[in-house]
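So you know, we letter chains A, B, ... as the sequences are listed, proteins then strands, and number each from 1. Here the structure is a predicted model, which is why all the values come from computation and not from measurement.
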Amino acid sequence: MAQNITNRDDDYSQWYLDVIKHAKLADYSPVRGCMVIRPNGYALWENMRDALDRMFKDTGHENAYFPLFIPKSFLSREAEHVEGFAKECAVVTHSRLKSGKDGLEVDPESELDEQLIVRPTSETIIWNSYRDWIQSYRDLPILINQWANVVRWEMRTRLFLRTMEFLWQEGHTAHASKEEAVEETEQMLEVYRTFAEDFMAMPVIKGTKTESERFAGAVETYCIESLMQDNKALQAGTSHFLGQNFAKAFDVTYQDTDGQHKHVWATSWGVSTRLIGGLIMTHSDDNGLVLPPKLAPTQVVIVPIWKNDEQKREVLEYCDGVYRELDELGIRIELDDRDQQNPGYKFAQHEAEGVPLRIAIGPRDIENNNVELARRDTLDKNIVDREGLGKRIESLLETIQESLYDQAKKRVEDNTYEVDDYETFKKRIKEGGFVYAHWDGRAETEEKIKDETKATIRLIPLEEGEPGKCIYTGDPSDQKVLFARAY
RNA sequence: CGGGGCGUAGCGCAGCCCGGUAGCGCUCUUGCUUUGGGAGCAAGAAGUCGCCGGUUCAAAUCCGGCCGCCCCGACCA
């Protein structure tokens with residue numbers, strides 16, 4: 001395993017793939033565009049999932065599960081929705097195989113009467129159920145989330161960032177009033193912001209999408225947008241106000257207190273395993289993955305060092321004491337007592353896997369009653385007293401969490417610009433980063449800017465800005481919007 | 001769907017031009033020595049050379065067809 005990780009400066013894409021490989025997060029699969037999520041990657045996803053799930057429960061949501069297969073007719077109920085997804089759907093047409101001359105082949109006699117779509121998202125199948133569940137204002141709101149896999153038949157894929165099958169959560173809520181639905185949409189966006197910043201240590205900007213970037217079938221799409229190390233933007237999560245579009249398409253009404261039957265208001269919101277890609281490209285370095293302590297499957301690893309059996313016994317006994325102290329504090333800790341690798345190998349491996357803190361303990365340390373502490377994020381090494389180690393590590397993990405956020409925040413700020421003329425805009429966009437500029441609000445202008453610079457409008461900021469003139473047309477603009485080249 | 005590249009051991013590759021018993025590095029297995037930043041020695045294991053057909057005494061190598069994957073673009077979370 002003397003292979004090295006490509007330097008970020010040499011080839012950022014290759015670096016990204018190398019980090020995933022060396023951290024053992026995922027493998028390519030035999031099926032194009034799909035990935036195998038390995039135990040390290042899945043443990044990370046479980047920690048993300050658990051934190052998000054708690055936040056969903058704390059805001060009154062409950063989990064449910066809807067089917068993988070959606071009748072084809074459901075998808076076509078909502079005109080814009082079908083428009084958005086039709087080009088990337090896997091379709092099940094047959095139910096059986098049979099032996100043929102080249103092995104198994106599809107049995108033509110097993111063709112389905114109604115073809116099934118593998119869900120690209122679940123609005124339609126869920127709203128079909130909601131129709132049955134909702135009669136009265138007393139049945140509202142419905143606040144449901146599901147953890148699931150979805151399939152979108154993508155042309156080009158990249159591990160975690162865009163795979164044909166991915167894991168995500170999708171929240172689907174139903175409300176009696178527009179105000180309440182909008183409030184829900186904004187609340188869940190704030191949940192995503194909190195999760196991204198507090199757990200992933202990934203700074204994000206909140207905003208709404210322009211019409212062209214909006215979710216198919218939504219009235220308004222809210223998003224959190226983040227800036228990666230290579231100065232490209234990544235959409236990290238979306239929350240949609242769906243208006244009454246799906247209620248109308250699936251005929252979902254409730255009887256209000258005034259006796260009138262009214263269409264229900266809807267939201268949906270989701271984040272996916274794409275966040276893992278964002279996490280990698282926010283913190284990791286040329287030595288491999290860097291994980292924030294709150295999400296790291298292993299927060300602290302102990303690497304024992306010995307020269308002979310007697311030392312091994314002494315060192316492991318000492319390590320055991322450290323292990324128990326940290327374990328009792330609820331720290332996720334691992335003792336790497338493997339015999340067949342030497343310490344240098346282990347150091348490199350745990351670094352590649354992103355373990356936030358490493359403790360090295362050898363005969364010298366036992367003699368002096370101290371340990372060597374190494375931080376993954378800064379690569380700093382320090383000899384510290386064995387006494388009070390637990391408390392020190394607890395606070396150090398917090399420090400690392402904050403420091404990762406602060407560093408990322410500074411990087412984003414350093415690469416965020418405001419420009420007022422198109423020439424400067426083009427130059428800035430070429431160098432990458434977030435660029436705020438005035439836009440006249442027209443889709444044609446947005447399209448032209450995209451064609452000429454590859455930059456898209458990532459979001460319209462939530463807080464109101466100063467009016468001005470569009471950098472492209474000179475027409476009036478309400479406020480600056482955020483441009484970037486994006487993943 | 002267009003442009004480019006590549007399919008030979010688990011991984012990375014050489015061999016192909018000029019046909020003649022399939023090779024290198026890493027990995028893996030066993031043993032011994034090592035262990036404070038990716039260890040050393042020794043012995044071993046592992047391949048339908050992407051698939052189908054053709055030429056030939058003989059094909060990884062030459063010819064024809066097909067398939068797959070990766071990268072770059074158009075489309076998307």
Side-chain angles (χ1 to χ4, degrees), chain A residues 1-5 11 13-14 17-18 21-22 27-34 83-89 102-103 120-121 150-170 192 209 212-216 218 221 223-226 233-240 268-278 287-288 303-309 311-312 315 336-353 358-368 370-374 379 381 383 450-451 454 456 458 486-487:
Chain A
M1 179 131 25
Q3 318 121 313
N4 281 316
I5 295 172
D11 184 345
S13 297
Q14 191 56 49
L17 294 171
D18 286 351
K21 187 165 88 181
H22 287 258
D27 282 343
Y28 283 108
S29 83
V31 181
R32 182 187 76 82
C34 294
E83 180 91 3
F85 286 103
K87 280 179 286 184
E88 45 183 292
C89 285
D102 302 316
T121 179
V150 287
V151 168
R152 296 180 188 176
W153 212 264
E154 299 288 352
M155 300 282 198
R156 250 188 93 198
T157 57
R158 297 191 71 189
L159 291 180
F160 291 114
L161 295 177
R162 180 171 297 111
T163 47
M164 292 218 300
E165 181 192 9
F166 56 93
L167 306 184
W168 76 342
Q169 57 70 215
E170 45 181 326
Y192 289 155
K209 287 293 187 189
S212 65
E213 298 273 332
R214 196 174 291 155
F215 175 73
T221 289
C223 65
I224 51 170
E225 202 78 20
S226 167
L234 183 77
Q235 178 172 304
T238 48
S239 183
H240 314 290
S268 70
W269 27 274
V271 294
S272 72
T273 38
R274 170 176 248 208
L275 286 178
I276 294 176
N287 295 319
V303 177
I305 296 156
W306 62 77
K307 282 189 164 58
N308 53 51
D309 282 354
Q311 283 186 353
K312 181 180 174 182
V315 168
D336 188 353
D337 59 358
R338 288 176 300 174
D339 222 343
Q340 53 283 17
Q341 278 85 17
N342 64 23
Y345 179 91
K346 293 177 182 177
F347 292 171
Q349 185 180 359
H350 294 298
E351 269 164 21
E353 293 181 12
R358 180 186 70 230
I359 304 174
I361 298 175
R364 280 207 310 260
D365 301 299
I366 296 178
E367 205 173 305
N368 303 320
N370 56 31
V371 304
E372 183 193 84
L373 259 186
L379 300 171
K381 287 197 283 197
I383 305 292
K450 185 183 171 184
D451 287 346
K454 290 186 193 147
T456 50
R458 302 317 304 156
Y487 274 99

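Residue-level contact check: A/Lys209 touches neither bases nor backbone, having no heavy atom under 4.0 Å from any strand. Among the heavy atoms of the strands, none lies under 4.0 Å from A/Ser212. Residue contacts for A/Phe215: at a heavy-atom cut-off of 4.0 Å it reaches no nucleic acid atom on any strand shown. Residue A/Leu161 is in base contact, counting any heavy-atom pair closer than 4.0 Å across all strands shown. If you check every strand for non-hydrogen atoms under 4.0 Å, A/Arg338 touches nothing.
For B/G12, the paired base is B/C24 (Watson-Crick or G-U wobble, both distances below 3.5 Å). Nucleotide B/G36 is matched to nothing when pairs are restricted to Watson-Crick or G-U wobble geometry with both distances under 3.5 angstrom. Base pairing of B/C6: its partner is B/G68, meeting the Watson-Crick or G-U wobble criterion (both donor-acceptor distances under 3.5 Å). When Watson-Crick and G-U wobble pairs are counted only if both distances are under 3.5 Å, B/U55 pairs with no nucleotide at all. For B/U30, the paired nucleotide is B/A42, the pair qualifying as Watson-Crick or G-U wobble because both relevant distances are below 3.5 Å. Base pairing annotation: B/G19 forms no Watson-Crick or G-U wobble pair, as no partner gives both donor-acceptor distances under 3.5 Å. Look at B/C49: it lacks any Watson-Crick or wobble partner with both distances under 3.5 angstrom.
The pair A/Lys209-A/Glu225 counts as a salt bridge, with a side-chain nitrogen and a carboxylate oxygen less than 4.0 angstrom apart. For A/Arg358 and A/Glu351, the salt-bridge test passes: some basic side-chain N is under 4.0 Å from an acidic carboxylate O. The pair A/Lys21-A/Asp27 does not meet the salt-bridge criterion, since no charged nitrogen lies less than 4.0 angstrom from a carboxylate oxygen.
Note: CD (A/Gln235) to P (B/C76) measures 12 Å, nearest angstrom. Atom P of nucleotide B/C69 and atom CG of A/Asp27 are separated by 16 Å, given to the nearest angstrom. Atom C1' of nucleotide B/G36 and atom CD1 of A/Ile359 are separated by 15 Å, given to the nearest angstrom. In this structure, the CZ atom of A/Arg158 is 14 Å from the C1' atom of B/G73, given to the nearest Å.
Closest to the A/Tyr345 side chain, of the nucleotides B/C71, B/A77, B/G38, is B/G38. The A/Glu154 side chain lies nearest to B/A77 when the options are B/A77, B/U35, B/G36. In the set B/G37, B/C75, B/U35, the nucleotide with an atom closest to the side chain of A/Met155 is B/C75. Set against B/U35, B/G37, B/A77, the side chain of A/Ser272 has B/A77 as its closest nucleotide. Checking B/C76, B/G36, B/G37 against every side-chain atom of A/Arg364, the shortest atom distance belongs to B/G36. Side-chain proximity of A/Leu17 to the nucleotides B/G37, B/C71, B/G36 is greatest for B/C71. Side-chain proximity of A/Ala348 to B/A77, B/G38, B/G36: nearest is B/G38.
The base of B/G73 lies outside donor-acceptor range of the side chain of A/Lys454, with no N or O pair under 3.5 Å. Between the side chain of A/Asp365 and the base of B/G36, at least one donor-acceptor pair of N or O atoms lies under 3.5 Å.
A cation-pi arrangement is absent between A/Arg364 and A/Trp306 under the rule of less than 6.0 angstrom and at most 45 degrees off the ring axis.
Going from the C1' atom of B/U27 to that of B/A39 covers 16 Å, rounded to whole Å. B/U56 sits 35 Å from B/A45 when the C1' atoms are compared, rounded to a whole Å. Comparing B/G68 with B/C52, their C1' atoms are spaced 14 Å from each other, to the whole Å. B/G10 and B/G47: their C1' atoms are spaced 11 Å apart (whole Å). B/G19 and B/C62 have their P atoms separated by 9 Å, given to the nearest Å. Here the separation of B/C28 from B/C70, taken at their P atoms, is 26 Å to the nearest Å. The separation of B/U21 from B/U33, taken at their P atoms, amounts to 43 Å, rounded to a whole angstrom. Between B/A59 and B/G12, the two P atoms lie 28 Å apart (nearest whole Å).
In this structure, A/Lys450 and A/Ala374 both approach RNA chain B, and ranking their closest nucleotides by distance from the 5' end singles out A/Ala374.
Checked against the 6.0 Å centroid threshold, A/Phe215 and A/Phe85 count as a close aromatic pair.
Heavy atoms of other residues, nucleotides or ligands lying less than 6.0 angstrom from CG of A/Asp309 number 12 at most.
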